[in-house]
Number of protein chains: 2
Amino acid sequence: MVATLQLQMNQNLFLRDPQETDLGRKIIRQSVIMIDQIGFEGFTFKKLAKEISSTEASVYRYFENKHKLLVYLIAWYWNWLEYKIDYNTNNIDDPFKKLDIALKLLTEKKKKDPLFPDIDEEALSRIVISESDKTYLTKQVDEDNQVGLFRGFKSLCKKVADIIKEINPEFNYPHALVSTVLQAANQQIFYSMHLPSLTELNAKQKKLDEQNFEFLRTIVIKAIT
Amino acid sequence: MVATLQLQMNQNLFLRDPQETDLGRKIIRQSVIMIDQIGFEGFTFKKLAKEISSTEASVYRYFENKHKLLVYLIAWYWNWLEYKIDYNTNNIDDPFKKLDIALKLLTEKKKKDPLFPDIDEEALSRIVISESDKTYLTKQVDEDNQVGLFRGFKSLCKKVADIIKEINPEFNYPHALVSTVLQAANQQIFYSMHLPSLTELNAKQKKLDEQNFEFLRTIVIKAIT
DNA sequence: TATTTTAAATAGTATTACTATTATAAACTA
DNA sequence: TAGTTTATAATAGTAATACTATTTAAAATA
């Protein structure tokens, strides 16, 4: 018997908490699978409702629109990552070690986490790579930010930036560097798979995640020391 | 009397060359203004057609769909930037100087270029910040890449990577570093304006573009030396 | 048991993205 | 120059999408 956890999600991310009902959990589980497969543009509430034997209108009771659902999923992912970093850097003092652990967790190939049986983290991590920028690259970014929809990403950014400040309190750009690196971690994987002339990381070679780790670690360490 | 130029655009970016007709040039000019104002999601061919006193169907004779139009505009921007870098680094030998010029051109606040009277480069540069990632973060990225739609960005990336190779031929990640920096240049501006806790760059202070230049230059120089 | 509250389904509408067909104008040819 | 071809753009659609008002069903409470 394994315990399961629930990540605390901001109330403004949903109309009705999808973690509290059967239908809600189905919406989350199936939307991760479908957005991964057909992409966010191709994904609709109608298609989703069909797959889970419900109706479009019922899905709308949980999420205002499909954009908000995406924001929810991406926020869940960042919360999950931050939880893992907290868990794995607990009791570690050396900030260099903490940085390495954070970068390792950030870049490692994700696999299903039994603590959260409703979410396929492998599929979700692919969604983060392809779709996460779309959560804030909109005209409503300021409203969405105001009600805290991007707290997950900002909190993670602060966490890693704080490690960097421990290593070098003189460095002028801890947050800028970390936000750049968090983005680059996903971008470089996307490039290596689809636009390979933009990166030396090679998706055809083994251990793409480790290549990514080495690249990002080089950038960060050189920048701050 | 000032000469005007035409940037050479890949044939697959359009159905009919918009630079060759009056209606085509109107489509380009007005779509830059409108996407900047209402965002790519809110932008439709119907609204555009109304503004230029034409019809939706006529716009479709030039571009297969609104996504292709966006790809065209972004490609134009990267071609323009590369043209400016070529022009300004001509006859300069010192690769450090060339790098500085490239980063300066990349980060400087854009203003209308009289060489290209049909395009409002200031508005277009805002579009690049908010919308450019959407050109390739799609399920058709491989098809689009196959027919050369992203050549502009890739060519620019190679150009700057070649400068970095001149400075340090031993550095393992010239393309990965440059693609990261090209993206970060836009992201950091967006963050400073909309998600300020993600960066030390301050949109409220003067010379945001120079702050951005200093940040990116620090990252690049430290990474490669 | 009756009543209130909540949840989900039915049945829509307005808008969007896109297209087949027709009309008009320009260019070429006999 | 009259007739024919070709190019261009407008008309008039359709199918799909995003979203909502209303109704029905189920559950909780008094």
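Within every chain, numbering begins at 1; the chains are lettered A, B, ... in the order of the sequence lines, protein sequences first and strands thereafter.
A:R16 comes within 4.0 angstrom of the backbone, heavy atoms only, and of no base. In this structure, A:E56 reaches the bases: a heavy-atom distance under 4.0 Å links it to at least one base atom across the strands shown. Among the heavy atoms of the strands lying under 4.0 Å from B:T55 is at least one base atom, whether or not backbone atoms are also near. Looking at heavy-atom distances under 4.0 Å, A:T21 makes no contact with the nucleic acid at all. A:Y62 comes within 4.0 angstrom of sugar-phosphate atoms only, judged by non-hydrogen atoms across all strands, and of no base.
Between D:dA10 and B:S54, a contact under 4.0 Å exists linking OP1 or OP2 to a side-chain N or O. Close to D:dA18, at under 4.0 Å from its OP1 or OP2, lies a side-chain N or O of A:K66. Within the structure, a side-chain polar atom (N or O) of A:S58 is placed less than 4.0 Å from OP1 or OP2 of C:dA9. Of the side-chain N and O atoms in B:Y60, none sit less than 4.0 angstrom from OP1 or OP2 of D:dA10.
Each of A:A57 and A:K46 has a nearest nucleotide on DNA chain D; the 5'-most of these lies closest to A:K46.
Rounding to whole angstrom units, NE2 of residue B:H67 and C1' of C:dC18 are separated by 16 Å. Taking atom CD of residue A:E41 and atom C1' of nucleotide C:dT16, one finds them 15 Å apart after rounding to whole Å. Separating the NZ atom of B:K50 from the P atom of C:dT15 is a distance of 12 Å, rounded to the nearest angstrom. B:Q140 places its CD atom 14 Å from the C1' atom of C:dA17, with the value rounded to the nearest Å. Separating the CZ atom of B:F63 from the C1' atom of C:dC18 is a distance of 16 Å, rounded to the nearest angstrom. Rounding to whole angstrom units, CD1 of residue A:I27 and P of C:dA7 are separated by 12 Å. Rounded to whole Å, atom P of D:dA18 lies 12 Å from atom CG of A:L48. Rounded to an integer number of Å, the gap from A:L70 CG to D:dA18 P is 13 Å.
Checked against a 6.0 Å centroid threshold, the rings of B:F190 and A:Y136 count as neighbours.
In this pair, A:F40 and A:F43 present their aromatic rings parallel. The plane angle is below 30°, not in the 30 to 60° band. Between A:W76 and A:F116, the angle of the ring planes goes over 60°, which puts this pair in the perpendicular group of the 30/60° scheme. Below 30°, between 30° and 60°, or above 60°: for A:Y72 and A:F14 the angle between ring planes is above 60°, a perpendicular geometry.
Under a 3.5 Å cut-off, the side chain of A:D144 and the backbone N or O of A:L149 do not form any donor-acceptor pair.
Side chain B:R61 to base D:dA9: a donor-acceptor pair is found below 3.5 Å.
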